[in-house]
Amino acid sequence: MSIRTFIFCDICNPQGLRAIEFRRAPRSDERTGRRISDGRAWFDGELKAAVEAGWLLTREGQHICPVCQSANR
């Protein structure tokens, strides 16, 4: 048995919900690609890997996904 670590975006997913992505045709108002989600960001992995993937850890301890970083600049 293994222990999994999840990082949740404190801006777009403050409740820490992990909604599994599902397949359907992309729409213009949703994120691109064949697999879409409801927009709540989460990362499956350790904090170091999340930071390497573009996530930000603030001085206050908040985790911010790459999408929210680009939207708030």
Side-chain angles (χ1 to χ4, degrees):
M1 185 163 84
S2 63
I3 297 175
R4 296 175 70 181
T5 302
F6 297 99
I7 310 291
F8 299 97
C9 180
D10 289 313
I11 293 177
C12 66
N13 193 3
Q15 294 175 326
L17 300 174
R18 189 173 70 93
I20 305 300
E21 297 175 345
F22 54 94
R23 288 186 178 273
R24 77 174 185 196
R27 296 180 185 160
S28 61
D29 62 336
E30 296 172 323
R31 295 185 184 184
T32 60
R34 290 180 54 197
R35 290 189 179 267
I36 61 168
S37 69
D38 60 0
R40 292 181 275 211
W42 55 276
F43 184 84
D44 183 1
E46 299 293 328
L47 180 58
K48 182 179 177 184
V51 171
E52 290 172 359
W55 283 64
L56 175 68
L57 175 62
T58 67
R59 291 182 187 185
E60 294 80 25
Q62 290 187 317
H63 303 102
I64 303 175
C65 72
V67 174
C68 288
Q69 289 178 51
S70 63
N72 290 326
R73 286 189 175 174

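Fair warning: this is a prediction, and the values are worked out from it, not measured in the lab. Count residues from 1 along the sequence.
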Qualifying salt bridge (charged side-chain N to carboxylate O under 4.0 Å, His left out) pairs, either residue in residues 1-16, two or more places apart
R4-D44
Minimum heavy-atom separation for C65 to C9, with atom names?
N-SG, 3.4 Å
Please give the remaining members of the hydrophobic cluster of I11, linking ILVMFWY side chains under 4.5 Å, ordered by chain and number.
L56, I64
Those residues at least two apart in sequence (or on a different chain) that pass side-chain hydrogen bond (donor to acceptor under 3.5 Å, both in side chains) with E60 are T58
In Å and rounded to the nearest 0.5 Å, what is the CD to SG distance from Q62 to C68?
10.5 Å
Shared-cluster residues of L47, by chain and number - hydrophobic side chains joined below 4.5 Å
I7, F43, V51, W55, L57
What's the shortest heavy-atom distance between A53 and P66, and which atoms?
O-CG, 4.0 Å
Residue set satisfying side-chain hydrogen bond (donor to acceptor under 3.5 Å, both in side chains) with E46, at least two apart, ordered chain then number -> T5
State, to 0.1 Å, how close N13 and L17 come at their nearest heavy-atom pair, and which atoms those are.
ND2-O, 2.7 Å
Pair F8 and W42, ring centroids less than 6.0 Å apart
no
Test of understanding: with salt bridge (Lys or Arg N to Asp or Glu O under 4.0 Å), list the residues that count as partners of R59, not counting sequence neighbours.
none
